[in-house]
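Only heavy atoms go into these numbers, but all of them, side chains included; no hydrogens, no water, no symmetry mates. These figures come from a predicted structure and were not determined experimentally.
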Amino acid sequence: MALVFEAPVKNLCGRQLNNNNNHRLSFSSTSYSYRKQRCLMSISATLNTPAVQTLEIKHNNIALPIMVNSCMGKMGQVVIEAGVSAGLHIVPASFGIQTDAGKTVKVGGKDIQVHGPSDRETVLASSLEEYPNLIVIDFTVPNAVNDNAELYCKAGVPFVMGTTGGDRDLLYTTVEDAMLYAVISPQMGKQVVAFLAAMDIMAKQFPGAFSGYTLEVLESHQATKLDISGTAKAVISCFQKLGVSFDLDQLQLIRDSKQQIEMLGVPEEHINGHAFHTYRLKSPDGTVSFEFQHNVCGRSIYAEGAIDAALFLSKKIQSKADKKIYDMIDVLREGSMR
């Protein structure tokens, strides 16, 4: 039996992206029955939208200024390009490792100067003085999470943190103590975040629904990703609430390019930038199985989400919102998606 459901996005997230009906979200599911009553259900979702629309928030006739750290990295560069496409003002400074200090990199038609660790406080202070509405977007490395957060809090610069890893409890404590505005999320891909939100709702409303089921998790990223995916951890947490017994050391972390191509079907051109996740559930007697999968090639989905988060945060700052720390679910709930 096959079933296809298609509806305008406004019916699913509470608003129409613009005045046309070109934005539609389609879900499909297929189930098959065998002699042993084995049931396999796959769920897929595809969001079809027109080209990204240019959106600006201006302060004193200057587009929202953003500083993107780690501009020498591929993620930082994609974020800068997304910021340029959105009409934001890219501050021509970025933090990097000491060996890159003094270098200038051209991204999105902008010349960005890289500053080493010893210059961070001075550069951030001068940038904030020049751009009072500055927001930092951080996609650096796990071991820099807490130091960078302390720096932003000390300077009083609101930030969007897409970097995973670090001491997350300390991260939130640091920001709370500083009473600073921030969007902190290990996953910036808007559609993936929507999937996570759906998983969380299912876990809360149907606790124990998968009691006794076994879980297999495959998580594949580019070899330069050093830690376990925060998204995988979040999904596994939901399955645990649904009654599944699973430890993180059971997760199959795949970083070998040959395995990624041959076993998972990762396109060779995206070996250095992808996120393939598969979650397989099987009933105790083996007659029923479920599979959840989300595969991302490239980095644009995260970059666009980070820019939306910065725009969302700017609005919260302007409105002097009581709440200070947000995540991408907050961004989605407010309809802050371009």
Side-chain angles (χ1 to χ4, degrees), residues 27-30 40-48 70-82 97 107 138-145 162-166 185-196 198-199 213-240 244 246-282 289-306 328:
F27 288 92
S28 64
S29 67
T30 306
L40 171 64
M41 181 173 71
S42 64
I43 300 176
S44 63
T46 304
L47 178 65
N48 298 312
S70 193
C71 73
M72 297 292 289
K74 292 181 179 178
M75 190 65 234
Q77 293 182 6
V78 177
V79 172
I80 291 173
E81 291 170 352
I97 59 178
V107 185
D138 188 296
F139 277 99
T140 52
V141 292
N143 62 12
V145 165
T163 309
T164 59
S185 177
Q187 172 58 254
M188 287 288 172
K190 295 172 287 188
Q191 290 75 28
V192 178
V193 170
F195 166 72
L196 285 174
M199 288 295 303
Y213 276 62
T214 57
L215 175 64
E216 178 188 14
V217 182
L218 303 178
E219 184 258 87
S220 174
H221 283 260
Q222 59 277 4
T224 53
K225 182 170 178 56
L226 305 177
D227 56 338
I228 296 174
S229 163
T231 301
K233 290 180 181 178
V235 174
I236 289 169
S237 176
C238 290
F239 282 126
Q240 290 170 334
V244 177
F246 188 88
D247 295 321
L248 284 180
D249 58 9
Q250 296 175 259
L251 187 151
Q252 297 182 49
L253 201 66
I254 301 173
R255 296 294 184 269
D256 179 73
S257 59
K258 185 177 180 181
Q259 283 186 309
Q260 291 169 339
I261 294 172
E262 296 179 357
M263 186 169 77
L264 301 179
V266 179
E268 190 169 355
E269 64 270 24
H270 291 295
I271 285 297
N272 294 322
H274 72 278
F276 276 40
H277 292 209
T278 301
Y279 311 88
R280 298 189 180 110
L281 293 153
K282 185 175 289 187
S289 65
F290 290 82
E291 182 172 300
F292 298 80
Q293 185 179 83
H294 53 91
N295 297 337
V296 176
C297 292
R299 297 176 172 86
S300 61
I301 186 175
Y302 313 116
E304 292 170 5
M328 283 301 291

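Put simply, the residue from Q293, H294, E216 that forms a side-chain hydrogen bond (donor to acceptor under 3.5 Å, both in side chains) with T278 is Q293.
A centroid separation of less than 6.0 Å is found between the aromatic rings of F239 and F292.
Contact check on R255 versus E219 returns a salt bridge, with a Lys/Arg side-chain nitrogen under 4.0 Å from an Asp/Glu carboxylate oxygen.
The backbone N or O of V145 sits nowhere less than 3.5 Å from a side-chain atom of T163 that would complete a donor-acceptor pair. E291 contributes no side-chain N or O that, together with a main-chain N or O of R280, makes up a donor-acceptor pair within less than 3.5 Å. Q260 places a side-chain N or O within 3.5 Å of a backbone atom of I254 that can act as its donor or acceptor partner. In this structure a side-chain-to-backbone donor-acceptor pair under 3.5 Å is missing from Q187 to G230. With Q252 contributing its side chain and V217 its backbone, the two residues share no donor-acceptor pair below 3.5 Å. Under the 3.5 Å distance criterion, the side-chain polar atoms of D247 are left unmatched by any main-chain donor or acceptor of D249.
Residues M188 and A306 approach most closely at SD-CA, 4.1 Å, considering heavy atoms. The heavy-atom pair separating V244 from Y213 by the smallest distance is CG1-O, 3.7 Å. The two atoms that bring P142 and G165 nearest to each other are CB-CA, 4.0 Å, heavy atoms only. Residues V78 and A303 share a closest heavy-atom pair of CG1-CB, 3.4 Å. Here the shortest heavy-atom pairing between C71 and I80 reads CB-CD1, 3.7 Å. Across every non-hydrogen atom of S229 and H277, the tightest pair is OG-CE1, 3.0 Å.
Side-chain contact between V235 and F195: present, with at least one pair of heavy atoms (C-beta onward) separated by less than 4.5 Å. Proximity of V296 to Y302: side-chain heavy atoms (C-beta onward) are separated by under 4.5 Å at one or more points. Taking 4.5 Å as the limit, every side-chain heavy atom of K190 sits out of range of all side-chain heavy atoms of I301.
By the neighbour-count criterion of 12 heavy atoms within 6.0 Å, atom CD of E269 is densely surrounded, having more than that number from other residues, nucleotides or ligands.
The distance from atom NE2 of H274 to atom CD of E268, rounded to the nearest 0.5 Å, is 12.5 Å. The distance from the NZ atom of K233 to the OG1 atom of T164 is 7.5 Å, given to the nearest 0.5 Å. If you take CZ on F276 and CG on L264, they are separated by 7.5 Å, rounding to the nearest 0.5 Å. Here the CG atom belonging to L218 is positioned 5.5 Å from the CE atom belonging to M263, to the nearest 0.5 angstrom. The OG atom of S300 sits 8.5 Å away from the CE atom of M75 when rounded to the nearest 0.5 Å. Note that the CD1 atom of I236 and the CE atom of M199 stand 10.5 Å from one another [nearest 0.5 Å].
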